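Notes to accompany the following structure.
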Amino acid sequence: MTTSKKQAPDTAPVKKQRSQWAEVWHRLRKNKGAMVGLTIVVILIFIALFSGVFLDYETDVIGVNTAERLQPPSAQHIMGTDEYGRDIFCRILYGTKYSLSVGVVAVIIALLIGVTLGAVAGYAGGPTEEVIMRVTDIFSSVPNMLMALVVVAALGQSMFNLMLAIGITSVPQFVRITRAAVLTVKTQEYVEAARAIGLRSYRIIFSHILPNCLSPIIVQTTLRVASAIISASSLSFLGLGIPAPNPEWGAMLSAGRRFIRDYSYMTLFPGLAIMITVLSLNLVGDGLRDALDPRLKD
């Protein structure tokens, strides 16, 4: 008589498979530089959203107080005051919404136009691709700052025109990146299957191709926001950006250059604000580029 032994159940833990975006976040968290940049960006977004709650625009931001003009940094005024007695720290905090808004909206404009044209060029090919890419080459041949100057000078000085000008200069980069990504995806089997069942071209592009081209587009978007902030500050520095007395960082730099010899803090702090913001966005962009690279493994 034989006795059968029951096999002990396999109690070995099963490693849970992470989703694609969970894997991206896992790799991003391991990049210390990217996390520092992301933390700063989140703080800047919070300041941009709620600076109007904590600061009164008429008194704290543009209110003139000649009795306290050109005071150096102190306990009362952390970053000093400008030639009109306005607190520089309050103006920099309030100006965060202008710089971030211009950068984000300008890139959204470029994203919508550039991704659409790039996807159509890459998918359609032939004469359509040739026309789109040649027009893109024409726009790329003009320096970005010169193109933005022409657009702002033609349309007038306003915040929306500044966003539009910077957005137009960023379109060629999105066209090229999207076209290159679409060319590598459109030959996949699932795209051929979508064509075989009779799906329309626009549905194939936006439902099957573009979702698989997001990685380079996301990275380019992050990096272009940083470039757009620099372009907006440069145009404001030249007097073609957001009109005074709005506290845009580039305009504050331009106003402070007259006093740079004796009151250098007037240009130091707006310049640091631009530098920290752009550096943080670039750190996030570099981290995303590494995290979205499928060739990188733990």
Side-chain angles (χ1 to χ4, degrees), residues 16-42 45 100 103-125 129 132-133 136 140 144 166-167 169-195 199 201-230 277-298:
K16 187 178 179 181
Q17 188 71 23
R18 287 190 292 257
S19 65
Q20 178 184 0
W21 292 109
E23 186 69 26
V24 170
W25 172 245
H26 174 71
R27 288 202 291 262
L28 184 64
R29 284 190 305 172
K30 295 172 64 177
N31 189 324
K32 295 182 180 179
M35 294 309 297
V36 171
L38 183 61
T39 301
I40 296 174
V41 169
V42 171
I45 292 174
L100 289 185
V104 171
V105 175
V107 171
I108 289 175
I109 293 172
L111 186 69
L112 294 176
I113 300 173
V115 169
T116 302
L117 292 177
V120 171
Y123 182 80
E129 179 184 17
I132 292 176
M133 296 314 297
T136 300
S140 299
N144 289 348
I166 298 173
T169 62
S170 302
V171 168
Q173 289 84 358
F174 283 101
V175 173
R176 288 198 175 91
I177 285 179
T178 305
R179 171 182 171 272
V182 169
L183 287 176
T184 61
V185 171
K186 74 173 186 177
T187 57
Q188 299 296 321
E189 293 181 356
Y190 59 86
V191 178
E192 297 294 338
R195 290 197 194 99
L199 291 182
S201 297
Y202 74 89
R203 187 172 177 183
I204 295 175
I205 292 173
F206 291 102
S207 298
H208 298 280
I209 294 181
L210 283 182
N212 293 283
C213 302
L214 288 179
S215 296
I217 295 174
I218 291 174
V219 174
Q220 180 67 14
T221 299
T222 307
L223 297 175
R224 288 307 303 176
V225 171
S227 300
I229 290 174
I230 294 179
T277 302
V278 172
L279 177 61
S280 302
L281 288 166
N282 284 329
L283 288 174
V284 174
D286 289 340
L288 282 173
R289 181 176 54 198
D290 296 337
L292 290 167
D293 190 345
R295 293 170 295 182
L296 297 178
K297 300 293 182 182
D298 291 340

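Predicted, not measured: the structure shown is a model, and the values here were computed from it.
- Between the CG atom in Leu283 and the OG1 atom in Thr222 there is a gap of 11.5 Å [rounded to 0.5 Å].
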Working for side chain to side chain contact (heavy atoms under 4.5 Å, CB included), residues Lys30 and Met35:
CA-CA 8 Å; Lys30 295 172 64 177; Met35 294 309 297; over 6 Å; no
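- Expressed to the nearest 0.5 Å, how far OH of Tyr202 lies from OG1 of Thr116 amounts to 14.5 Å.
- A side-chain contact (heavy atoms from CB on, under 4.5 Å) with Leu288 is found for exactly one of Leu38, Leu28, Leu223, Thr221, namely Leu28.
- Scanning both residues, Ala119 and Leu210, for their nearest heavy atoms gives CB-CD2, 4.0 Å.
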(Q) Evaluate Leu111 against Ile217 for side chain to side chain contact (heavy atoms under 4.5 Å, CB included), listing each step before the verdict. (A) CA-CA 8 Å; Leu111 186 69; Ile217 295 174; 3.6 Å; yes
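- Heavy atoms only, all atoms of each residue included: Lys186 and Arg195 are closest at O-NH2, 3.5 Å.
- Under a 3.5 Å cut-off, the side chain of Asn31 and the backbone N or O of Arg27 do not form any donor-acceptor pair.
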Report task. Show the numbers, then the answer: is there a side chain to side chain contact (heavy atoms under 4.5 Å, CB included) between Ile166 and Val105? Result -> CA-CA 9 Å; Ile166 298 173; Val105 175; over 6 Å; no
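- Among all heavy-atom pairs drawn from Val115 and Phe174, the shortest one is N-CB, 4.3 Å.
- Atom CZ of Arg29 is surrounded by more than 12 heavy atoms from other residues, nucleotides or ligands within 6.0 Å.
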Practice problem: Start with the C-alpha distance between Gln173 and Asn144, add both sets of side-chain angles, then the distance that settles side chain to side chain contact (heavy atoms under 4.5 Å, CB included), and finish with yes or no. | Solution: CA-CA 11 Å; Gln173 289 84 358; Asn144 289 348; 3.9 Å; yes
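- The heavy-atom pair separating Asn282 from Ala226 by the smallest distance is OD1-CB, 3.7 Å.
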Verdict with supporting geometry, Arg179 and Thr136, side chain to side chain donor-acceptor pair (under 3.5 Å): CA-CA 12 Å; Arg179 171 182 171 272; Thr136 300; over 6 Å; no
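- Taking CD1 from Ile108 and CD1 from Ile113, the interatomic distance works out to 12.0 Å, rounded to the nearest 0.5 Å.
- Contact record, Ala34 with Val284: O-CG2, 3.9 Å, taken as the closest heavy-atom pair.
- When the salt bridge (charged side-chain N to carboxylate O under 4.0 Å, His left out) test is applied to Arg224, no partner is found at least two apart in sequence or on another chain.
- Summarising the geometry of Leu199 relative to Ile204, their closest heavy-atom pair is O-CD1, 3.6 Å, with the distance given to 0.1 Å.
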